[in-house]
Colleague: 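Below are the structure tokens for one structure; questions will follow.
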Amino acid sequence: MSRPFAVLLVGLLLGALIVFAPSSAPRARADGYNTGRTAPSMLVLDASGSMDAADVDGRSRMDVAKEAVTGLVPMLPEDATVGLMTYGSSTPEVAADPEAACQDVKMLVEPTGLDRDGLISAIEGVIPSGYTPIGLSLQKATASLPEAEMRSIVLVSDGIDECGGPPPCEVAADLAEKHPELRIHTIGFKVEQDARDELACIADVTGGTFADATDSETLRDELLVKMTRAIQGYATQGQPITGGATVEDAADMAPGSYLDVLEHGSPAIDDGEGYSRFYRLRVAPGEIAHLSATMVLPGGDGKTNRLAQLMMRTSSEDGVDCRIGEVQARAEADLGQGPITATIATPRMGKTQNLSCFGGESGGVVVLEVERTGDPSLEEAVPVEVQFFAEEEVSTDGLPPAAQFTLAQQPLAVPKDGEQFQPAFSFASAVPAGDGALRGTIIPGEVQFFRIPAEYGQQVRAALALGEFETPEGMELSLQARMFSPLRDGVYTSVPPNSATSVAGVEKPATSGATAQLNQAAPIQFRNREDGGTEARTSFLAGDYYLQLAVVPSEYTAQRLFEIPYVIDLDTVGKVADGPELTGQGALEDRSAADPGSGPQASDGGGAEGAGSDGGGEVQEPSSGEESEGSSLSPLVWALLGGVGGGILLAAAVIGAVVLVQRGR
């Protein structure tokens, strides 16, 4: 913690490198995890004369930067491609000639792989002395990076471009137009307002992020969260799958977690011009198919009041609508509502004679359609997580009765302080609840996730308090917190001291010192879904419950790029009760490639340990890499899947919520 700027820079460059790809092994009730793939990246380091100033706890800015890069190198992944470039590290003769000094951009390490020794050696030899040709350095860095689906530049500067020519923000905008896969992340260190504005503009026009470091105390406060934000993206999870374009060519899907792509939206929701994928499910007699789809949109153009819709439908093999389970999820694309998730719980197969898809004569095959409509990111392919949890029929004899009404619990005390934690931005990587409160920060527009293991008989509680902060003039902020089940259904909650329940959770103005408490409405009991009251029906499965936290700004401008400190506590209360241990794999023993339902055999039950009550449910091993071959997903799509535009979007003060809420372009 004594070298905050160094650690901050380490985190930012790591974030520029990592583009999260889907995990090939979905796991159950495990810590958050991501499998990394890297994007070629260039670190551009200011080596102008001002970097020699000794104003960082008595050390020069350049010494702190050198320490940062030296500390970074051992942390880089083996398959990273990293280059190092400086401007201003001129000889005395060049530094004395402004025209020559403004052309002095040096490539110290080519971005052709990972040369750890070369990076450390090169940075140690840098001597600050010259001018600040920011625009030229961005052009040269872009030209030097190898072609790839996603590429990034991390620029560290302590001043403005002083070499004339097109303003650096115009240069960056031109680069963004010519190279839409490029992101430029900027760090302003000890900068004046004009330099701050310039660096923020460079980041904004390229979809990158900006961090402003003003003093050592501020740097210390932001250390851990800044580094994590640089690394994290929306961590999608699941095996690759390509759904069919029609009912007839639906892809076979066994229980498990999958990743697909919805290639475009449509001018309006429900206009019949969206994009659909189709999947064929084999459901055993007595089984219930729990289906969910989660769609994550990249940042739009900053316009609000634009709707994206994700819809799920079920039909028979011949295309007859099942007329049950149609779910649609709507959210305003730029207003921080989090990922769009739709869920279905089908009737038990074969238990009702007059249902076309689920009656006794249905044959046990159902086709699932997942459709995307709406105009946010209209022409961009976006990832969709599709999960199939097969609940076999089990005896409920001797199990506790279903909850018919809300069971009020004492609210969890609002915490005063807690242990510093690293935020997470997806269901897959959600921060596990600890033994006490957690302390972190959130940026307006971010959506953060927490994971709370809960047993049968228990209820989840949450309490949080915002710290002190100043809201920019004219901007309004909304604090939002919602709870989700292991199957990603919205969970009914109450907001003490009110007794009313809803799935909307908490929504209130986000102001300095604001507090919020949230209680799960009913205890988790397996019989809740079929026999419980309305507020209990989604609280029927033991496993990992999720809290989704967001601070939603009224506008998406550079003004929102600031951190709001908060403390949060999460726990469960109630006596542990009996319940079945389900694996999510259902009753069918043979879901081989020869039968409908072929595919990966691993399931995370939507995040739960096979949704078992004590982690005892077994989860089969996932498919091997060879078994996953044949997917038609392109490398660019995988970059989108990995971080929805890539983890490289996240290399500074803001993660730009990789959901519906990224920063306005």
Side-chain angles (χ1 to χ4, degrees), residues 1-14 16 42-75 82-96 98 101-102 104-109 116-134 137 141 153-163 168 185-196 198-199 210-223 226-227 230 651-653:
M1 296 292 285
S2 63
R3 299 291 182 264
F5 184 65
V7 180
L8 171 62
L9 181 55
V10 169
L12 292 172
L13 187 52
L14 275 173
M42 181 76 73
L43 172 61
V44 179
L45 184 61
D46 185 344
S48 61
S50 57
M51 286 290 285
D52 201 34
D55 57 0
V56 186
D57 298 329
R59 305 172 67 223
S60 76
R61 302 176 187 180
M62 180 54 68
D63 284 345
V64 172
K66 287 181 178 181
E67 182 180 87
V69 176
T70 301
L72 162 71
V73 171
M75 301 170 63
V82 184
L84 175 62
M85 181 178 283
T86 62
Y87 57 78
S89 57
S90 311
T91 63
E93 294 77 18
V94 172
C102 283
D104 187 28
V105 178
K106 292 186 177 70
M107 176 70 72
L108 301 185
V109 178
R116 299 182 196 273
D117 292 338
L119 287 167
I120 293 174
S121 176
I123 195 66
E124 285 301 320
V126 174
I127 300 175
S129 60
Y131 281 63
T132 313
I134 293 176
S137 71
I153 296 169
V154 175
L155 167 66
V156 182
S157 180
D158 71 346
I160 62 172
D161 189 309
E162 52 192 354
C163 288
H185 311 285
T186 58
I187 307 169
F189 185 46
K190 310 288 287 187
V191 293
E192 302 295 336
Q193 188 60 49
D194 53 355
R196 184 178 297 111
E198 182 175 88
L199 293 169
F210 168 70
D212 184 19
T214 58
D215 55 61
S216 58
E217 186 174 331
T218 302
L219 288 170
R220 281 193 298 269
D221 292 342
E222 296 180 349
L223 217 178
K226 282 276 195 286
M227 181 168 66

Colleague: Could you state the interatomic distance from NZ (Lys66) to CD (Glu124), rounded to the nearest 0.5 Å?
Modeller: 5.5 Å
Colleague: What is the minimum heavy-atom distance between Leu45 and Met62, and which atoms define it?
Modeller: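 Reported closest heavy-atom pair: CD2-SD, 4.2 Å.
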Colleague: Looking only at heavy atoms, which two atoms of Arg59 and Asp63 are closest? And how far apart?
Modeller: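 Taking Arg59 first and Asp63 second, the nearest heavy atoms are NH2-O, 3.9 Å.
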Colleague: Nearest heavy-atom pair of Glu162 and Cys102: which atoms, and what distance?
Modeller: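 That closest heavy-atom pairing would be O-SG, 4.4 Å.
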Colleague: Counting C-beta onward and ignoring hydrogens, is there a side-chain heavy-atom pair between Val82 and Val109 closer than 4.5 Å?
Modeller: no
Colleague: Taking side chain as C-beta onward, heavy atoms only, is Val105 less than 4.5 Å from Pro133?
Modeller: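 Yes. Closest side-chain heavy atoms under 4.5 Å.
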Colleague: What's the verdict on side chain to side chain contact (heavy atoms under 4.5 Å, CB included) for Ser157 and Leu199, showing C-alpha distance, side-chain angles and the deciding distance?
Modeller: CA-CA 8 Å; Ser157 180; Leu199 293 169; 4.1 Å; yes
Colleague: Roughly how far, to the nearest 0.5 Å, is the CD1 atom of Ile160 from the CD atom of Gln193?
Modeller: 12.0 Å
Colleague: Just how far is it from atom CG of Leu155 to atom CG of Asp46, taken to the nearest 0.5 Å?
Modeller: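 Going from CG on Leu155 over to CG on Asp46, the span is 7.5 Å.
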Colleague: Is it true that atom CD1 of Ile120 has more than 12 heavy atoms of other residues, nucleotides or ligands lying nearer than 6.0 Å?
Modeller: yes
Colleague: Counting distance only, does the side-chain N/O of Thr132 pair as donor-acceptor with the main-chain N or O of Asp161 below 3.5 Å?
Modeller: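 Side chain of Thr132 to backbone of Asp161, a donor-acceptor pair under 3.5 Å: no, none is there.
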Colleague: So, do Ser48 and Tyr131 sit near enough that their side-chain heavy atoms are less than 4.5 Å apart?
Modeller: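 No; the side chains remain at least 4.5 Å from each other.
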Colleague: Any side-chain heavy-atom pair from Glu198 and Ile134 closer than 4.5 angstrom?
Modeller: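 Result yes, sub-4.5 Å side-chain heavy-atom pair found.
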Colleague: Quick one: CE on Met51 to OG on Ser129, what's the gap to the nearest 0.5 Å?
Modeller: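 OG of Ser129 is found 12.0 Å from CE of Met51.
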Colleague: Just wondering, are more than 12 heavy atoms of other shown residues or ligands nearer than 6.0 Å to CG in Asp117?
Modeller: no
Colleague: List the steps and the verdict of side chain to side chain contact (heavy atoms under 4.5 Å, CB included) for Val44 and Thr86.
Modeller: CA-CA 5 Å; Val44 179; Thr86 62; over 6 Å; no
Colleague: Do you know which two heavy atoms are closest between Val156 and Tyr87, and how far apart they sit?
Modeller: O-OH, 4.0 Å
Colleague: Does a salt bridge link Asp52 with Arg61, judged by any charged N lying under 4.0 Å from a carboxylate O?
Modeller: no
Colleague: Atom OG of Ser137 and atom CE of Met42: how far apart are they, to the nearest 0.5 Å?
Modeller: 10.0 Å
